[in-house]
Amino acid sequence: MESIEFEELLVASMMVKGDHIDCRDIAGKLPVESFENFHLREMYRAIVRLLDQAEPVDVFSVKNGVPEETSHRVLEVAKGASAASNIKAWAKRVRQCWMIRKAKAQLSEALNSLGSINTNNINETLSEVASGLSKIQFETNDKLPRRIGDMLDDYMAVLEERMTGAESGLYLKTGIGPMDDEYGGFDRTDLIIIAGRPGMGKTEIAIHIANNIGRQKGRGLFISMEMSEMQVVERHLADRGNIAVGALRNPLDMIDEQYTRLTNAAAQIQNEDNYVLEGTLSVDEIIAHAERLNADNGLSFVAIDYLGLMRKPKSDRHDLAIAEITRKLKQFSLKNKVPVILLSQLNRGVEGRVDKRPTMADLKDSGAIEQDADVIIFPYRDEVYDEHSNMRGIAEIIIGKYRSGQPKTFYMGWRNGHFVTIDQEEAAKRFSQNEQESKPVSNWRGQKAS
């Protein structure tokens with residue numbers, strides 16, 4: 001059927017049903033501009049207006065509410081009403097035809113832009129084309145609000161799976177044991193920010209999470225703007241085999257045990273489905289790649305290393321450009337049920353403080369990031385600033401924000417440049433001792449002891 005046939009069936013069915021809940025629901029969701037035919041658009045506009053005013057909807061009231069050149073067509077359309085029970089199906093088809101027309105127009109505009117592309121504007125033009133194409137959306141179902149009480153059976157089934165130790169599929173475990181135990185993993189619609197100063201392990205923690213999701217047979221996309229593809233592969237192997245990156249760069253010095261761990265790590269990763277893409281990309285390009293992978297066989301996460309190197313959208317202010325990036329990534333996550341892990345640098349203000357543990361205020365352009373993020377993680381290693389720190393070999397995983405729980409601090413070991421699980425109570429004792437020893441001690445004359 002052509003769009004005009006669906007439009008006729010819908011308008012005719014609405015005139016038959018009148019002031020019915022189905023008609024009111026359609027009028028609230030289907031915009032007037034969805035109709036391609038002028039006369040049918042005017043009839044639908046009149047029906048919507050009558051419903052808004054709680055007036056009777058029938059052939060005569062619609063005829064009186066349309067322009068004169070349309071009025072003589074109303075009766076003819078009304079005679080074509082078939083089964084009014086299919087009214088929701090007709091509305092869905094009208095909407096889909098409208099979106100197809102919009103998609104064709106967007107594609108036509110993209111082709112025109114590509115027709116004027118040259119070596120001087122290639123990046124800018126491709127970015128605009130990608131941005132336009134990313135806005136094309138096709139509706140595959142007529143999703144309506146669901147009563148919470150009707151969903152309780154589904155939720156109780158999920159809860160029962162958790163009680164038996166099974167994975168519910170709603171959340172993704174990060175591989176950071178104490179954090180998974182506390183929160184249960186990432187929600188599939190989360191925007192997760194991992195922020196820190198250089199050397200704190202931002203990339204390593206993202207790779208650690210990626211590797212763990214790979215173990216769960218997930219499918220991930222790692223966008224690297226700082227390392228080459230081979231460096232990302234190397235970091236994955238090093239993390240999975242708990243081998244220092246330096247050892248892989250000097251393989252002749254490796255011992256048999258390291259070779260064994262490397263072989264085992266390679267065998268595991270070989271059978272997993274993680275992808276990597278290098279290059280400086282815009283948020284629209286990243287989303288286009290991610291949606292393509294997600295459409296193929298599903299996607300478990302997208303990791304982006306890192307925000308500061310992304311190509312920014314045009315904006316008068318830097319913070320507004322950052323806001324557009326985080327907003328689009330959050331929308332992508334909500335739409336596709338794919339969590340996004342976004343790495344970010346902290347500003348230099350932390351370097352001037354005695355206590356250099358990061359806070360939310362240390363995030364660059366923190367307003368939009370703090371607002372859009374569901375989870376904000378600050379990896380912190382005290383030994384980076386104090387080589388004599390009692391926290392050597394221990395990393396703090398500071399949760400600055402967790403939308404589904406209270407912020408907390410967890411501890412991970414730091415060995416061979418990787419995060420490893422350690423006893424939380426023992427690490428907390430070490431932290432307490434370190435805090436006491438870091439306080440200046442005064443002698444009896446009131447002078448600081450040397």
For [X] and [Y], which heavy atoms make the closest approach, and how far apart are they?
X      : Y      : value
Phe378 : Thr359 : CZ-O, 3.5 Å
Ala27  : Val48  : CB-CG2, 4.0 Å
Arg403 : Asp372 : NH2-O, 3.8 Å
Pro31  : Arg95  : CD-NH1, 3.8 Å
Ala247 : Gln258 : CB-NE2, 3.9 Å
Asn347 : Ala361 : ND2-O, 3.6 Å

Backbone of [Y] reached by a side-chain donor or acceptor of [X] within 3.5 Å:
X      : Y      : answer
Asp180 : Thr174 : yes
Asn242 : Asn416 : no
Lys401 : Ala373 : yes
Gln424 : Tyr411 : yes
His208 : His418 : no
Asp190 : Ile192 : no
Lys202 : Gly196 : yes
Gln268 : Arg240 : no
Gln231 : Ser228 : yes
Glu285 : Ser282 : yes

Next item on the list: Please determine which of Lys328, Arg311, Lys312 meets the salt bridge (Lys or Arg N to Asp or Glu O under 4.0 Å) test together with Asp284.
Entry: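 In the set Lys328, Arg311, Lys312, the residue that makes a salt bridge (Lys or Arg N to Asp or Glu O under 4.0 Å) with Asp284 is Lys328.
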Margin query: With salt bridge (Lys or Arg N to Asp or Glu O under 4.0 Å) as the test, pick out the partner of Asp362 among Arg348, Lys356, Arg353.
Written below: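 One option only clears the test, and that one is Arg353.
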State, yes or no, whether a side-chain contact exists between [X] and [Y] at a heavy-atom distance under 4.5 Å.
X      : Y      : result
His236 : Asn211 : yes
Tyr306 : Glu226 : yes
Leu30  : Tyr44  : yes
Phe301 : Pro339 : yes
Glu234 : Arg249 : yes
Ile213 : Ser300 : yes
Met310 : Leu281 : no
Leu10  : Phe35  : yes

Next item on the list: Any chance you could lay out the side chain to side chain contact (heavy atoms under 4.5 Å, CB included) test for Thr203 and Leu343, step after step, and finish with the verdict?
Entry: CA-CA 7 Å; Thr203 301; Leu343 277 59; 3.8 Å; yes
Margin query: Which residue is it: Ile341, Leu191, Val302? I am looking for the one with a side chain to side chain contact (heavy atoms under 4.5 Å, CB included) to Leu329.
Written below: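 Only one option passes, and that is Leu191.
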Next item on the list: Determine, for Trp90 and Lys92, whether the Lys NZ or Arg CZ falls below 6.0 Å from the six-membered ring centre while staying within 45 degrees of the axis.
Entry: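 Because its charged atom misses either the 6.0 Å distance or the 45° angle limit, Lys92 does not stack over Trp90.
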Taking atom [atom1] as the centre, does [X] end up with more than 12 heavy-atom neighbours from other residues, nucleotides or ligands that are less than 6.0 angstrom away?
X      : atom1 : result
Ile21  : CD1   : no
Gln270 : CD    : no
Glu33  : CD    : yes

Nearest 0.5 Å, please: how far is [atom2] in [Y] from [atom1] in [X]?
X      : Y      : atom1 : atom2 : value
Met200 : Arg381 : CE    : CZ    : 7.0 Å
Ile223 : Ile286 : CD1   : CD1   : 5.5 Å
Arg392 : Asp386 : CZ    : CG    : 8.5 Å
Met14  : His20  : CE    : NE2   : 11.5 Å
Ile397 : Ile194 : CD1   : CD1   : 8.5 Å
Glu42  : Asn37  : CD    : CG    : 10.0 Å

In terms of side-chain heavy atoms, does [X] have a donor or acceptor partner in [Y] at a distance below 3.5 Å?
X      : Y      : result
Gln345 : Arg197 : no
Arg93  : Ser3   : no
Thr189 : Asp187 : yes
Asp305 : Ser224 : no

Notebook entry, point to check: Taking it one step at a time, do Tyr259 and Ile255 satisfy side chain to side chain contact (heavy atoms under 4.5 Å, CB included)?
Noted result: CA-CA 7 Å; Tyr259 275 115; Ile255 60 176; over 6 Å; no
Check: Going by an N to O cut-off under 4.0 Å, is there a salt bridge joining Lys408 and Glu182?
Finding: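 A salt bridge is present here (some side-chain N lies under 4.0 Å from a carboxylate O).
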Item checked: Basic-acidic side-chain contact under 4.0 Å: Lys429, Glu425 ->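 Looking at Lys429 and Glu425, the cut-off is not met.
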Check: Going through the checks in order, is the salt bridge (Lys or Arg N to Asp or Glu O under 4.0 Å) test met by Lys335 and Glu291?
Finding: CA-CA 10 Å; Lys335 173 187 170 186; Glu291 289 189 330; 3.3 Å; yes
Notebook entry, point to check: Would a line drawn from the ring center of Tyr183 to the ring center of Phe410 be shorter than 6.0 Å?
Noted result: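 Close enough - the centres of the two rings lie under 6.0 Å apart.
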Checklist line | Candidate pair Lys29 and Asp25, rule side chain to side chain contact (heavy atoms under 4.5 Å, CB included), full reasoning | finding: CA-CA 7 Å; Lys29 295 197 301 184; Asp25 183 57; 3.7 Å; yes
Note to self: Which residue is it: Asp273, Asn294, Asn274? I am looking for the one with a side chain to side chain donor-acceptor pair (under 3.5 Å) to Arg219.
What the structure shows: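 One option only clears the test, and that one is Asp273.
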Checklist line | Glu396 vs Arg357, side chain to side chain contact (heavy atoms under 4.5 Å, CB included): CA-CA, chis, key distance, verdict | finding: CA-CA 9 Å; Glu396 298 169 42; Arg357 286 175 181 80; 2.8 Å; yes
